[in-house]
Amino acid sequence: MNALITGGAGFVGSNLAAFLMSRRDPAAQIIVFDSLARHGASENLAWLRSLGDFEFIHGDIRNAFDVEQTIKRIAPDVIFHLAGQVAMTTSMQSPRRDFEINVLGSINVLEAVRQYTPQTAIIYASSNKVYGNLDHLDLVEAPTRWQPRTMQNGVDESTAIEFHTPYGCSKGAADQYMLDYARGFGLNTVVFRHSTIYGGRQFATYDQGWVGWFCRQAIESKAALSSETAPSRPPFTVSGDGKQVRDLLHVSDAVNAYVMAYENIATARGQAFNIGGGIDNSMSLLELLLHLEQRLAIKLNYTHLPWRQSDQKFFVADNTKAHNLIRWSPKTPKEQGIEDTITWESR
Ligand SMILES: NC(=O)c1ccc[n+]([C@@H]2O[C@H](COP(=O)([O-])OP(=O)(O)OC[C@H]3O[C@@H](n4cnc5c(N)ncnc54)[C@H](O)[C@@H]3O)[C@@H](O)[C@H]2O)c1
């Protein structure tokens with residue numbers, strides 16, 4: 001497999017590149033394309049270099065020439081298109097930049113493939129944000145979470161799309177372009193709609209990567225409590241009531257889904273899939289904080305902020321379609337994945 005990973009020095013991309021390298025297929029060529037814009041991307045690149053051989057291209061997905069030259073030269077069998085502006089909050093500060101990276105960058109990939117390598121498969125990382133606020137879900141308020149009254153398996157792909165926030169619009173536009181290039185130009189594109197991916201090599205921030213971010217807050221709170229010299233730690237913040245629910249997708253399962261989509265490209269092409277941890281791995285913010293309090297034997301000190309714009313009260317991916325068409329389902333239980341994240345955040 002000749003695989004180009006845009007955003008390959010990011011969290012998901014570096015895990016995917018490491019996995020492909022670990023297969024030690026002498027015929028495989030792995031190319032990482034990244035601008036290194038994300039905090040932590042340079043560290044991920046250095047880590048990848050310590051693992052084995054691959055080609056790194058320091059390029060910007062917004063630059064059509066860079067993208068075209070790369071795709072023309074490499075003629076990849078598959079492009080895992082992960083480069084992106086990834087935070088809703090940042091998209092509110094700079095909608096144009098968000099648009100340029102997520103929409104223009106994706107068009108650059110699609111156009112280069114359409115013109116030069118139309119057989120190349122493209123697997124694109126979209127978002128649960130394409131479904132908007134999901135206000136129509138009939139939710140009940142339980143002590144630690146919002147819960148749908150009837151829905152058993154989560155949200156499936158028949159749910160109407162509705163783009164909210166610049167990030168939702170840019171991810172959603174690229175998502176629709178991907179599907180349309182399969183319909184209209186016969187390209188082998190696949191769309192994955194994710195909510196929360198977590199695990200090692202994620203450089204979580206206040207704005208993105210909430211599982212890693214709260215694990216870090218808990219670890220630092222514990223360290224401050226056990227130190228006699230450390231200054232007292234101000235409370236951290238939780239947006240909204242903390243009862244919003246997501247399903248936790250461990251990065252190893254995400255990587256597996258990307259590989260499975262490529263291996264089943266004949267059935268996956270032209271399709272959008274909700275890819276998440278599923279109902280068994282669902283958790284609210286408060287439930288994660290309660291879990292961390294028990295696990296680290298501490299009482300966490302946090303305050304609440306107003307809800308973030310368009311924060312869904314409940315999103316859990318119904319993975320049935322992915323199971324049926326690409327034989328994929330998540331394998332990592334949330335408890336195990338959180339342990340993995342605690343280890344990573346304790347580095
Ligand atoms: N992690 C999640 O929970 C999650 C959820 C939903 C969707 N996604 C999507 O999955 C993809 C990967 O997410 P991630 O968590 O690995 O993010 P990440 O920020 O860790 O990785 C993205 C990579 O893209 C690179 N990049 C940014 N702008 C670029 C540009 N203009 N040109 C080239 N490279 C650029 C960054 O340097 C970074 O290495 C993103 O498209 C994201 O929107 C992720």
Side-chain angles (χ1 to χ4, degrees), residues 4-18 31-48 56-67 70 79-91 94 96-109 122-131 165-175 178 191-205 207-213 246-251 253-255 257-258 272-277 312 315 317 337 341:
L4 172 64
I5 310 174
T6 74
F11 163 46
V12 179
S14 62
N15 276 283
L16 178 57
I31 301 97
V32 165
F33 181 103
D34 203 297
S35 67
L36 303 181
R38 172 76 188 239
H39 162 66
S42 298
E43 284 94 322
N44 283 341
L45 182 62
W47 173 70
L48 284 176
F56 173 60
I57 299 172
H58 191 187
D60 194 311
I61 205 77
R62 290 171 289 187
N63 184 322
F65 182 77
D66 279 3
V67 174
T70 300
I79 299 173
F80 298 107
H81 180 35
L82 307 172
Q85 193 300 108
V86 297
M88 182 281 288
T89 43
T90 313
S91 80
S94 182
R96 175 182 289 275
R97 183 171 178 275
D98 175 77
F99 170 87
E100 287 177 356
I101 296 173
N102 290 349
V103 187
L104 190 61
S106 297
I107 281 285
N108 287 342
V109 171
I122 307 174
I123 326 282
Y124 173 62
S126 180
S127 166
N128 61 322
K129 292 270 183 222
V130 304
Y131 297 121
T165 75
Y167 175 76
C169 290
S170 66
K171 294 302 278 187
D175 170 314
M178 289 286 156
V191 169
F192 280 175
R193 294 173 182 156
H194 305 295
S195 62
T196 296
I197 312 175
Y198 72 119
R201 312 293 335 161
Q202 183 173 43
F203 287 81
T205 65
D207 294 305
Q208 200 247 353
W210 65 275
V211 176
W213 177 253
R246 299 289 183 270
D247 53 331
L248 276 49
L249 176 66
H250 190 258
V251 67
D253 287 321
V255 162
Y258 280 90
F273 298 92
N274 291 348
I275 299 279
Q312 296 155 339
F315 184 87
T341 308

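Only a predicted model underlies this, so the values are computations on that prediction, with no experimental measurement involved. Counting starts at 1 for both ligands and their atoms, in listed order.
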Polar contacts were defined as any N/O atom of the residue lying under 3.5 Å from an N/O atom of the ligand; does this apply to [X] and ligand 1?
X      : value
Val12  : yes
Ile101 : no
Ser126 : no
Tyr167 : yes
Val86  : no

Compare [options] and give the one whose heavy atom is closest to [atom].
atom                    : options                   : answer
atom 27 (C) of ligand 1 : Ser14, Gly7, Ala87, Gly84 : Gly84
atom 37 (O) of ligand 1 : Asp34, Leu45, Val211      : Asp34
atom 4 (C) of ligand 1  : Ser35, Ser195, Gly13      : Ser195
atom 1 (N) of ligand 1  : Gln208, Arg246, His194    : Gln208

- Task: Measure the shortest side-chain to side-chain distance between Met178 and His81 over non-hydrogen atoms and say whether it is less than 4.5 angstrom.
- Result: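 Yes - at least one pair of side-chain heavy atoms lies under 4.5 Å apart.
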- Task: Determine whether Ile79 and Val109 make a side-chain contact, defined as any pair of heavy atoms from C-beta on separated by less than 4.5 Å.
- Result: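 Of all side-chain heavy-atom pairs linking Val109 with Ile79, at least one is under 4.5 Å.
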- Note on the structure: Residues passing the side-chain contact (heavy atoms from CB on, under 4.5 Å) test with Trp210, sequence neighbours excluded, are Thr196, Phe214, Arg246, Leu248, Leu285, Leu288
- Using a 4.0 Å heavy-atom threshold (strictly under), name the region of Ala41 that reaches ligand 1: side chain, backbone, both or neither. side chain
- Query: Quick one: does ligand 1 sit under 4.0 Å from the side chain of Leu36, the backbone, both or neither, non-hydrogen atoms only?
  - Reply: backbone
Minimum heavy-atom distance [X]-[Y], with the two atoms named:
X      : Y      : answer
Arg38  : Gln208 : NH1-OE1, 2.8 Å
Ser106 : Tyr124 : OG-CE1, 3.9 Å
Gly172 : Val130 : CA-CG1, 3.5 Å

- Message: Test of understanding: with salt bridge (Lys or Arg N to Asp or Glu O under 4.0 Å), list the residues that count as partners of Asp175, not counting sequence neighbours.
- Response: Arg193
- Message: Under the ring pair (Phe, Tyr, Trp, His ring centres under 6.0 Å) test against His194, which residue among Phe273, Phe315, Tyr258 passes?
- Response: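 Per the ring pair (Phe, Tyr, Trp, His ring centres under 6.0 Å) rule, the option paired with His194 is Tyr258, out of Phe273, Phe315, Tyr258.
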- Query: Does Gly105 come within less than 4.0 Å of ligand 1, judged by its heavy atoms?
  - Reply: no
